[in-house]
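Any value given below was found using the heavy atoms of this structure, including those in side chains, with hydrogens, waters and symmetry copies removed. Each chain gets a letter, A, B and so on, in the order the sequences are listed, and its residues count up from 1. On a predicted model such as this, the values are computed, not experimentally measured, just so you know.
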Protein chains: 2
Amino acid sequence: MEQRHADRIAEQLEELVFDGTFSDGDRLDEVRLSEQFGVSRTPLREAIQRLAQSGLVELIPRRGAFVRQPGPVELIEMFEVMAELEAACGRLAAMRISETALEALRQANTLCQQAVEAGDTDSYYAENERFHKIIYRSSGNAFLEQEATKLHKRLKPFRRVQLRFRGRMGQSMAEHEAIVAALAAADAEAAAAALRTHVAVQGEKFHNLMASLRSAAE
Amino acid sequence: MEQRHADRIAEQLEELVFDGTFSDGDRLDEVRLSEQFGVSRTPLREAIQRLAQSGLVELIPRRGAFVRQPGPVELIEMFEVMAELEAACGRLAAMRISETALEALRQANTLCQQAVEAGDTDSYYAENERFHKIIYRSSGNAFLEQEATKLHKRLKPFRRVQLRFRGRMGQSMAEHEAIVAALAAADAEAAAAALRTHVAVQGEKFHNLMASLRSAAE
DNA sequence: GTCAATAGTTTTGTATACAAGAATTACAGG
DNA sequence: CCTGTAATTCTTGTATACAAAACTATTGAC
């Protein structure tokens with residue numbers, strides 16, 4: 001069955017918001033966007049409703065739909081929630097993970113390590129994402145997996161900045177090893193703590209970068 | 001500024017799904033609903049897009065919008081996530097809560113106790129909700145507060161069933177006391193554990209009721 | 001030069017029309 | 001009576017039209 005225009009456009013608009021093509025406060029011009037997507041305003045408006053529901057745009061009645069990129073405070077808060085969700089995944093996974101999944105985690109880590117040594121940032125990120133997705137899945141809670149995946153996707157554009165800090169990939173590898181060890185030992189609290197710290201460090205690096213950029217701008 | 005039809009209808013449809021007026025699998029008939037709401041199909045369809053984005057309905061292209069009420073497994077998963085979110089709120093609140101908020105928690109608990117003694121279920125629930133909302137707020141993380149509030153609202157229709165179990169309100173009161181004590185002591189781990197257990201018990205009672213209803217139906 | 005009022009333009013919200021796909025109903029044949 | 005096919009009806013998805021609100025530009029008065 002062919003996908004509805006509204007669904008396709010909602011996906012594409014979401015990507016444009018995520019990748020920064022639309023900046024905070026940009027107004028989504030219905031006429032121009034419907035021309036750009038080659039459709040009438042109806043499916044475009046339905047797509048915009050989707051984004052409004054997700055909080056990516058804010059609808060102001062009779063004035064327009066305005067893009068909402070999270071500010072620094074909100075981003076810190078989102079990383080904080082991401083840390084808690086990953087900790088929850090870790091806690092549950094420690095009790096529920098299979099040997100197959102544990103082995104897949106080790107494999108993803110090995111590939112991460114190889115990417116670090118090769119200086120291959122894209123491979124590093126791909127395997128890193130696979131690592132986390134396995135943990136989400138291993139929580140055995142589809143709803144939690146869905147929530148974690150959704151927030152992980154939202155934060156993806158902001159996550160790469162941590163690589164600007166010297167030695168972060170190596171540090172991340174060590175944190176990954178600690179996570180796998182805790183999961184292998186079925187240590188729920190250790191797994192939760194390791195994941196919480198791992199993700200909280202990402203948020204912290206981001207915060208530090210924002211602070212340093214702000215200092216440089218002054 | 002007058003609210004848009006689409007926004008008003010989305011809110012009302014959401015309530016109808018939450019309170020069970022629409023059952024799982026019901027198809028939302030666009031023509032009938034637009035007549036019922038006294039509008040054209042356009043704002044009704046825009047409202048349905050909102051619900052589809054929230055997962056309350058599933059859109060099947062060219063076939064319709066079907067209501068999705070969570071099944072027992074998904075409910076258990078949602079309660080599990082609620083427990084983790086509340087634990088996260090508790091952990092952060094233990095470090096961030098104000099004396100004013102602590103006092104408000106104690107007051108809400110006192111009113112809960114009075115409601116228990118009076119057998120006043122509605123007051124009990126109102127104060128119980130106030131208790132939890134204070135903790136969400138005291139986490140000092142607006143994004144976490146928003147996520148916890150959203151899930152709390154989604155699970156509200158299923159939460160009352162736990163009262164069917166003998167002594168649950170009294171037990172809940174004791175759990176509330178433990179939560180307040182942990183927050184007052186700024187004990188992050190104790191607050192998190194107490195809240196996690198408190199909410200997990202709700203999910204467990206619900207699960208037990210479903211099981212007993214199933215046994216009675218056989 | 002500034003401010004207010006008015007006129008014109010643009011944009012949004014909703015109603016309606018129409019086409020296509022899905023579902024239902026009716027009819028015919030075995 | 002059952003099954004298959006065709007016709008009809010219903011529902012959804014999208015296009016377009018129109019009205020109202022918001023925004024912008026222009027003009028006149030002080």
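Residue E14(A) is tested with R154(A), K153(A), R50(A) for a salt bridge (Lys or Arg N to Asp or Glu O under 4.0 Å); the sole match is K153(A).
Taking the side chain as every heavy atom from C-beta outward, R159(B) and H152(B) approach each other to under 4.5 Å.
A salt bridge links R4(A) with E46(A): the closest approach of a Lys/Arg side-chain nitrogen to an acidic carboxylate oxygen falls below 4.0 angstrom. Under the 4.0 Å criterion applied to side-chain N and carboxylate O atoms, E35(B) and R32(B) are not assigned as salt-bridge partners. Taking the charged nitrogens against the carboxylate oxygens, E80(B) and R96(A) do have a contact shorter than 4.0 Å, which makes a salt bridge. Under a 4.0 Å N-O distance rule, the pair E84(A)/R196(A) qualifies as a salt bridge. Ionic pairing of E147(A) and K150(A) is present here: one or more N-O contacts between side-chain nitrogen and carboxylate oxygen are shorter than 4.0 angstrom.
Between I60(B) atom CD1 and dG21(C) atom P there is a gap of 17 Å when expressed in whole angstrom units. In this structure, Q49(B) places its CD atom 15 Å from P of dG13(C), rounding to the nearest Å. Whole-Å rounding puts the R4(B) CZ to dA20(D) P distance at 18 Å. Note: CD (Q3(A)) to C1' (dT12(D)) measures 16 Å, nearest angstrom. One interatomic measurement links the two molecules: CD of E2(A) to P of dG21(C), which rounds to 9 Å at whole-angstrom precision.
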Contact list (N/O, under 3.5 angstrom) for nucleotides 7-11 of chain D vs protein:
{"from": "dT11(D)", "atom 1": "O3'", "to": "R27(B)", "atom 2": "NH1", "distance (Å)": "3.0"}

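For the segment residues 34-47 of chain B, the set of residues with a heavy atom within less than 4.0 Å of an atom of DNA chain D comprises R41(B), R45(B), in numerical order.
Every ring-ring contact (aromatic ring centres under 6.0 Å, His included) that F131(A) has, sequence neighbours left out, goes to H176(A).
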